[in-house]
Amino acid sequence: MAKTVIVGTNHAGIAAANTLLDNYKDQEVVMIDRNTNLSYLGCGTALWVGRQIDSYENLFYTKKEDFEAKGATIHMETSVDSIDFDKKIVHCKTKDGSEFTETYDKLILATGSAPIAPNIPGKDLKNVEFLKLFQDGQAVDAAMAQPGVETVAVIGAGYIGVEIAEAAKRRGKNVLLFDAADRCLPNYYDKWFTDDMDKVLSDNGIELHYNELAKEYKGTEKVEAIVTDKGEYPVDLVINAIGFKPNNQLGKDHLKLFTNGAYLVDSHQQTSDPDVYAVGDCATIFSNAVQTTTYIALATNAVRSGIVGAHNVAGTALESIGVQGSNGISIFGYNMVSTGLTVQEAEKSGFKVKYTQFEDTQKPGFMKDNHTVKIRIVYDAETRRVLGTQLASYEDISMGIHMFSLAIEESVTIDKLKLLDIFFLPHFNQPYNYITMAALSAE
């Protein structure tokens with residue numbers, strides 16, 4: 001039998017393990033993870049901390065015993081200290097300090113990403129937290145329950161920061177949201193959209209501090225204040241959510257790396273070492289919008305890359321079809337979804353950019369429970385290829401983004417969308433659909 005060792009058992013590692021175990025009976029699979037648990041849906045942390053769901057139990061979608069039942073060997077609470085890539089040996093250490101090794105025929109690195117930690121004074125004070133693992137969510141949840149914790153500072157207004165700011169507000173806290181940028185979610189949405197989200201945040205009592213850089217956390221044992229380049233604010237809890245970097249510690253001295261340190265992989269998830277594959281947040285991915293190798297850390301990308309990598313490890317040639325970076329967020333009932341590139345990101349990538357946009361109600365005016373929808377379609381002025389799309393509304397417009405994701409993948413032009421066959425029924429939409437209207441108004 002061929003032996004495959006998988007280091008890391010979150011979304012990418014789990015997808016790889018299930019693919020091997022479910023499809024290839026000649027595979028001996030060994031899974032290794034330093035955590036106490038696997039398969040935690042971190043995107044649900046804010047829902048649990050904000051009490052929008054009753055508990056965290058269902059945020060775990062599988063368990064160790066499920067893989068053992070399929071025949072895998074799985075080592076939890078076990079760290080990988082080093083890998084001898086020449087001899088194909090993984091050196092491991094359990095939580096009690098005992099050491100052992102695992103040999104491999106093929107190795108899958110699914111080590112994910114690590115939170116970026118601001119190296120500023122006071123970073124080691126109590127009640128200065130991060131959000132990544134299940135244990136981080138537990139720590140934040142417990143801190144919010146402490147007597148005297150009334151004011152929460154969230155550092156970083158990306159997806160995780162905005163979501164945990166909402167959660168803290170739902171817990172009745174005074175919430176200050178800081179970011180060095182001038183608005184929230186700048187990597188995923190243009191200002192036309194983020195202005196609305198900033199208003200949603202502000203209208204719901206979150207104090208916005210943009211264009212502010214954290215310089216210091218003050219306190220004796222616990223954090224008592226945050227100092228920025230613009231002022232000092234008394235706080236009882238700080239949650240850092242300024243982003244993530246690829247966890248490349250095990251292979252950075254052996255494998256070729258991308259500009260940001262991620263393992264550079266091909267369309268089969270194979271690294272520069274032919275017997276080593278990398279999947280998930282520790283690896284690169286191909287963007288169909290930019291049409292080049294890039295880095296997009298999303299759980300959906302992790303799952304797909306795990307499937308692709310595992311099939312190739314087992315001898316079935318399978319190429320990744322690339323991604324668009326499709327994503328979404330819902331804050332206080334306001335929904336935003338996007339795929340591909342914003343205007344800003346498209347210009348940064350060197351495209352001659354045009355965009356078309358439209359705003360209208362989801363359904364005809366005579367219908368009840370009817371909200372405004374905003375859409376922007378970004379396209380290449382020269383080839384007219386669709387590069388990205390953004391949608392926002394209090395309506396659930398989430399499924400619409402999938403069509404645009406496919407459009408980017410298939411290099412559809414903006415003109416192809418102008419007379420797209422979109423059905424009409426007052427319960428769902430308008431006869432002059434906002435997708436059609438936006439496409440028709442394209443220059």
Rounded to the nearest 0.5 Å, what separation is found between the NZ atom of K3 and the NZ atom of K106?
-> 15.0 Å
Pair D190 + R376, salt bridge at N-O below 4.0 Å = yes
Quick one: sort the Y189 and F193 rings into parallel, tilted or perpendicular, breaks at 30° and 60°.
-> tilted
Go through the side-chain N and O atoms of H254 and D273 and say whether any donor and acceptor fall under 3.5 Å apart.
-> yes
Just say parallel, tilted or perpendicular for the rings of H11 and Y61, cut-offs at 30° and 60°.
-> parallel
What are the two closest heavy atoms between S393 and V373, and how far apart are they?
-> OG-CG2, 3.6 Å
Can I get a per-line list of side-chain donor-acceptor pairs under 3.5 Å for residues 130-142, giving both atom names and the distance, sequence neighbours left out?
residue : atom : partner : partner atom : Å
K132    : NZ   : S113    : OG           : 2.9
Q135    : NE2  : N35     : OD1          : 2.6
Q135    : NE2  : T36     : OG1          : 3.2
D136    : OD2  : K132    : N            : 3.0
D136    : OD2  : L133    : N            : 2.8
D141    : OD1  : R51     : NH1          : 2.8
D141    : OD1  : R51     : NH2          : 2.9
D141    : OD1  : R171    : NH1          : 2.8

If every non-hydrogen atom of A346 is compared with every non-hydrogen atom of V353, which pair is closest and at what distance?
-> CB-CG2, 3.5 Å
State whether the side chain of Y104 and the backbone N or O of V90 hold a donor-acceptor pair below 3.5 Å, judged by distance alone.
-> no
Qualifying residues under salt bridge (charged side-chain N to carboxylate O under 4.0 Å, His left out), relative to R34, sequence neighbours excluded | none
With a 4.5 Å heavy-atom cut-off, do I83 and L107 have their side chains touching?
-> yes
Over 12 foreign heavy atoms within 6.0 Å of CG, L425 | yes
Applied to residues 421-443, the ring pair (Phe, Tyr, Trp, His ring centres under 6.0 Å) test, sequence neighbours excluded, yields F423-F428
Residue pair K374, D196: steps toward the salt bridge (Lys or Arg N to Asp or Glu O under 4.0 Å) verdict = CA-CA 10 Å; K374 297 173 74 166; D196 292 341; 2.6 Å; yes
Answer yes if the side chains of N288 and E409 hold a donor-acceptor pair under 3.5 Å, and no otherwise.
-> no
Distance in Å, I435 CD1 paired with N429 CG, rounded so as to fall on 0.5 Å steps = 8.5 Å
Side chain to side chain, F366 and P426, heavy atoms closer than 4.5 Å | yes
No-hydrogen, no-angle side-chain donor-acceptor test under 3.5 Å, S338 and N327 | yes
Residues pairing under ring pair (Phe, Tyr, Trp, His ring centres under 6.0 Å) where one sits in residues 322-361, two or more places apart or in two chains, turn out to be Y334-Y394
Using only heavy-atom distances, determine whether the side chains of Q430 and T361 contain a donor-acceptor pair under 3.5 Å.
-> yes
What distance separates I307 CD1 from Q269 CD, expressed to the nearest 0.5 Å?
-> 11.0 Å
Can you tell if the side chain of D415 reaches within under 4.5 Å of the side chain of L417, non-hydrogen atoms only?
-> no
Indicate yes or no: does K63 engage D66 in a salt bridge with an N to O separation below 4.0 Å.
-> yes
Residue set satisfying salt bridge (charged side-chain N to carboxylate O under 4.0 Å, His left out) with D22, at least two apart, ordered chain then number -> K70
Side-chain heavy-atom pair L264, L257 within 4.5 angstrom cut-off = no
N/O donor-acceptor pairs under 3.5 Å from side chains in residues 293-301, not counting sequence neighbours:
residue : atom : partner : partner atom : Å
Y295    : OH   : D281    : O            : 2.5
N301    : OD1  : R304    : NH2          : 2.8
N301    : ND2  : I296    : O            : 3.2

Are more than 12 heavy atoms from other residues, nucleotides or ligands located less than 6.0 Å from atom NZ of K191?
-> no
Which pairs, with at least one residue in residues 396-419 and sequence neighbours excluded, count as a ring pair (Phe, Tyr, Trp, His ring centres under 6.0 Å)?
-> none
Would you please say whether a donor-acceptor pair under 3.5 Å links the side chains of H268 and Y277?
-> no
Is there a side-chain contact between L420 and M403 (heavy atoms, below 4.5 Å)?
-> yes
Non-neighbouring partners of A381 that pass side-chain contact (heavy atoms from CB on, under 4.5 Å), sequence neighbours left out = K352, K354
So does D26 have more than 12 non-hydrogen atoms from other groups sitting under 6.0 Å from CG?
-> yes
Looking only at heavy atoms, the pair that brings T73 and H75 closest together is CG2-NE2, 3.6 Å
Which residue pairs pass the salt bridge (Lys or Arg N to Asp or Glu O under 4.0 Å) test when at least one of the two sits in residues 339-351, sequence neighbours left out?
-> E345-K348
Can you check ring pair (Phe, Tyr, Trp, His ring centres under 6.0 Å) on Y233 and F178, steps first, answer last?
-> CA-CA 11 Å; Y233 310 88; F178 294 87; 5.4 Å; yes
Nearest 0.5 Å, what's the CG-CG distance between L440 and L419?
-> 6.0 Å
Between T45 and Y40, is a side chain to side chain donor-acceptor pair (under 3.5 Å) present by the stated rule, with each step listed?
-> CA-CA 9 Å; T45 297; Y40 179 64; 2.6 Å; yes
Hey, are the side chains of V80 and L250 touching, using non-hydrogen atoms and a 4.5 Å cut-off?
-> yes
Applying salt bridge (Lys or Arg N to Asp or Glu O under 4.0 Å), which residue pairs with at least one partner in residues 322-344 are found, sequence neighbours left out?
-> none
Could you walk me through whether S441 and T356 pass side chain to side chain donor-acceptor pair (under 3.5 Å), step by step?
-> CA-CA 7 Å; S441 63; T356 180; 2.8 Å; yes
Heavy-atom pair with the smallest gap, counting every atom of K418 and A439 = CE-O, 3.3 Å
Approximate separation, where rounding is to 0.5 Å, of S349 OG and D380 CG = 11.0 Å
Would you mind listing every side-chain hydrogen bond (donor to acceptor under 3.5 Å, both in side chains) that reaches into residues 241-250, with sequence neighbours excluded?
-> Q249-K252
With sequence neighbours left out, write down each residue that passes salt bridge (charged side-chain N to carboxylate O under 4.0 Å, His left out) with K215, or none if nothing qualifies.
-> none
For the atom pair OG1 (T78) and CE (M76), what is the distance rounded to the nearest 0.5 Å?
-> 8.0 Å
Do E57 and S55 have side-chain N/O donor and acceptor atoms under 3.5 Å apart?
-> yes
Is the shortest heavy-atom distance from the side chain of D105 to the side chain of T4 under 4.5 Å?
-> no
Counting only heavy atoms not in D229, do more than 12 sit closer than 6.0 Å to its CG atom?
-> yes
Of all the heavy-atom pairs spanning M31 and A72, show the shortest one and how long it is.
-> SD-CB, 4.2 Å
Any idea which heavy atoms bring V386 and T413 closest together, and the distance?
-> CG2-C, 3.9 Å
L109 side chain reached by V279 side chain, heavy atoms, under 4.5 Å = no
